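Everything quoted here is computed from the prediction, not taken from an experiment. The first residue of the sequence shown is numbered 1, and numbering continues consecutively from there.
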Amino acid sequence: MLYRAFPKADEGELSKRLADLVRREMCADVAISLGLVDDIKLGQVGAGASARLRKTVLGDICEAVIARYFLTADTAPGAICRTQLDRAMRKLRRPLRDPKTVLQEWAQSKRLPTPVYRVIDRTGPHHDPVFRVGVDLPGLAPAEGVGGNKRTAEMNAASVMIAREGVK
């Protein structure tokens with residue numbers, strides 16, 4: 001399905017799209033769109049309402065239903081499953097490449113070293129910190145980003161540099 005939907009995509013993009021498509025959250029959303037929530041019959045252990053709607057349960061059920069109907073692909077339920085998967089497949093939830101990856105690939109294409117990230121400041125209480133991180137590349141002005149954890153702050157710093165440098 002991915003190859004037919006994105007025939008010009010390279011192997012790396014297809015792999016990332018596949019990983020996004022089979023994520024538990026995506027499978028749970030497909031299960032909901034297929035109306036499977038009302039058909040769930042749980043045993044004593046999982047009979048509580050919270051367990052009934054847990055994404056893990058919905059994701060597992062979705063995988064089982066899709067597998068069943070893909071084995072009988074020419075049936076009407078198989079077509080419905082394919083339609084819902086196609087919708088999910090085309091609705092990208094995460095960027096194919098995060099800003100740090102984009103910046104690193106761009107830097108490599110310009111024969112620059114790997115970007116260096118450094119924590120400039122950490123504020124806020126221990127349970128709710130705010131990080132300010134800088135990213136450096138030789139010959140370019142540093143960029144800064146802020147986030148609730150180091151990774152988010154690094155991503156934001158990379159995004160600032162990407163936007164400033166006009167990286168596509």
Side-chain angles (χ1 to χ4, degrees), residues 1-3 5-34 36-37 46 48-64 66-67 84-168:
M1 285 179 67
L2 286 166
Y3 181 72
F6 306 101
K8 294 183 179 176
D10 63 20
E11 182 182 352
E13 179 181 334
L14 290 173
S15 292
K16 289 173 185 167
R17 287 184 180 278
L18 176 62
D20 192 50
L21 186 60
V22 299
R23 285 178 57 233
R24 178 171 289 130
E25 294 82 6
M26 182 72 80
C27 288
D29 288 349
V30 171
I32 291 167
S33 68
L34 287 170
L36 299 176
V37 175
S50 62
R52 180 177 187 155
L53 300 177
R54 283 185 25 220
K55 289 198 181 286
T56 54
V57 173
L58 289 172
D60 291 346
I61 289 169
C62 179
E63 288 178 16
I66 290 170
Q84 293 304 320
L85 273 177
D86 188 67
R87 285 186 189 147
M89 173 181 66
R90 293 176 190 280
K91 180 174 73 173
L92 190 63
R93 293 180 176 241
R94 301 177 290 174
L96 294 175
R97 297 180 309 159
D98 64 73
K100 287 179 66 176
T101 301
V102 170
L103 183 60
Q104 182 171 334
E105 290 175 352
W106 178 79
Q108 289 172 341
S109 76
K110 301 291 185 191
R111 300 200 187 284
L112 295 170
T114 301
V116 175
Y117 296 88
R118 59 187 160 67
V119 176
I120 297 169
D121 194 21
R122 182 190 185 280
T123 58
H126 184 69
H127 68 280
D128 190 22
V130 176
F131 291 90
R132 188 163 55 105
V133 170
V135 61
D136 298 303
L137 274 169
L140 300 175
E144 292 183 7
V146 176
N149 58 53
K150 288 180 191 176
R151 179 159 172 75
T152 300
E154 289 171 351
M155 294 282 197
N156 292 335
S159 292
V160 169
M161 187 172 279
I162 287 166
R164 188 186 66 214
E165 298 301 322
V167 176
K168 300 288 180 210

Trainee: Evaluate side chain to side chain contact (heavy atoms under 4.5 Å, CB included) for Val119 paired with Arg132, printing each intermediate quantity in order.
Mentor: CA-CA 6 Å; Val119 176; Arg132 188 163 55 105; over 6 Å; no
Trainee: Under a 4.5 Å cut-off applied to non-hydrogen side-chain atoms, are Pro115 and Gln104 in contact?
Mentor: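 The answer is yes; the side chains approach within 4.5 Å.
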Trainee: Checking Cys62 now: which residues fulfil side-chain contact (heavy atoms from CB on, under 4.5 Å) with it, not counting sequence neighbours?
Mentor: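 Cys62 satisfies side-chain contact (heavy atoms from CB on, under 4.5 Å) with Cys27, Val30, Ala31, Ile66 once adjacent residues are dropped.
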Trainee: Using salt bridge (Lys or Arg N to Asp or Glu O under 4.0 Å) as the criterion, list what pairs up with Glu105, not counting sequence neighbours.
Mentor: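 Counting only residues at least two positions away or on another chain, Glu105 forms a salt bridge (Lys or Arg N to Asp or Glu O under 4.0 Å) with Arg97.
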Trainee: Show the nearest heavy-atom pair for residues Ala141 and Met161, with the distance to one decimal.
Mentor: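 Looks like O-CE, 3.4 Å.
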Trainee: Is the closest side-chain heavy-atom distance between Val130 and Val146 below 4.5 Å?
Mentor: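 Contact flag for Val130/Val146 side chains = yes.
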Trainee: Using 0.5 Å steps for rounding, measure from the CZ atom of Phe6 to the CD atom of Glu13.
Mentor: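 Reported to 0.5 Å precision, the distance equals 7.0 Å.
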Trainee: Quick one: closest heavy-atom pair of Val135 and Ala157, and the distance?
Mentor: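 Heavy atoms only, the tightest pair is CG1-O, 3.7 Å.
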Trainee: Which residues satisfy the salt bridge (Lys or Arg N to Asp or Glu O under 4.0 Å) test with Arg164, sequence neighbours excluded?
Mentor: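 With neighbours one apart ignored, the set is empty.
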Trainee: Closest approach of Ile162 and Pro99, non-hydrogen atoms and distance?
Mentor: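 Answer, listing the atom of Ile162 first, then Pro99: CD1-O, 3.2 Å.
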Trainee: Closer than 4.0 angstrom, basic N to acidic O: yes or no for Lys150 and Glu154?
Mentor: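 No salt bridge links Lys150 with Glu154.
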Trainee: Measure the CD-CG distance between Glu165 and Leu140 for me, rounded to the nearest 0.5 Å.
Mentor: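 These two atoms lie 4.5 Å from each other.
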Trainee: Identify the heavy atoms of Leu112 and Pro138 that sit nearest to each other, and give their distance.
Mentor: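 Heavy-atom minimum between the residues: CD2-O, 3.8 Å.
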Trainee: Not counting sequence neighbours, which residues clear side chain to side chain donor-acceptor pair (under 3.5 Å) with Gln108? List them please.
Mentor: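 In terms of side chain to side chain donor-acceptor pair (under 3.5 Å), with neighbours along the sequence ignored, Gln108 is linked to no residue.
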Trainee: Would a 4.5 Å heavy-atom cut-off, applied to side chains only, mark Glu144 and Val133 as touching?
Mentor: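 In short, these two side chains do not touch, never coming nearer than 4.5 Å.
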Trainee: Looking at side-chain heavy atoms only, is the closest gap between Asp98 and Arg151 below 4.5 Å?
Mentor: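 The answer is yes; the side chains approach within 4.5 Å.
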Trainee: Among all residues two or more places apart in sequence or in another chain, which pass the side chain to side chain donor-acceptor pair (under 3.5 Å) test with Asp136?
Mentor: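 For Asp136 the side chain to side chain donor-acceptor pair (under 3.5 Å) partners, ignoring immediate neighbours, are Arg118.
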Trainee: Got Leu137 and Trp106 here, is their nearest side-chain heavy-atom distance under 4.5 Å?
Mentor: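 When only atoms from C-beta onward are counted, Trp106 and Leu137 do touch, with a gap below 4.5 Å.
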Trainee: Compare all side-chain heavy atoms of Asp121 with those of Thr123 and state whether any distance is below 4.5 angstrom.
Mentor: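 In contact.
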Trainee: Minimum heavy-atom separation for Tyr117 to Ala158, with atom names?
Mentor: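 Closest heavy-atom pair between Tyr117 and Ala158: OH-CB, 3.6 Å.
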Trainee: Can you name the residues that form a side-chain contact (heavy atoms from CB on, under 4.5 Å) with Thr152, not counting sequence neighbours?
Mentor: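 Applying side-chain contact (heavy atoms from CB on, under 4.5 Å) to Thr152 gives Asn149, Asn156.
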Trainee: Measure the CG-CD distance between Leu18 and Glu11 for me, rounded to the nearest 0.5 Å.
Mentor: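 So the gap between those two atoms works out to 11.5 Å.
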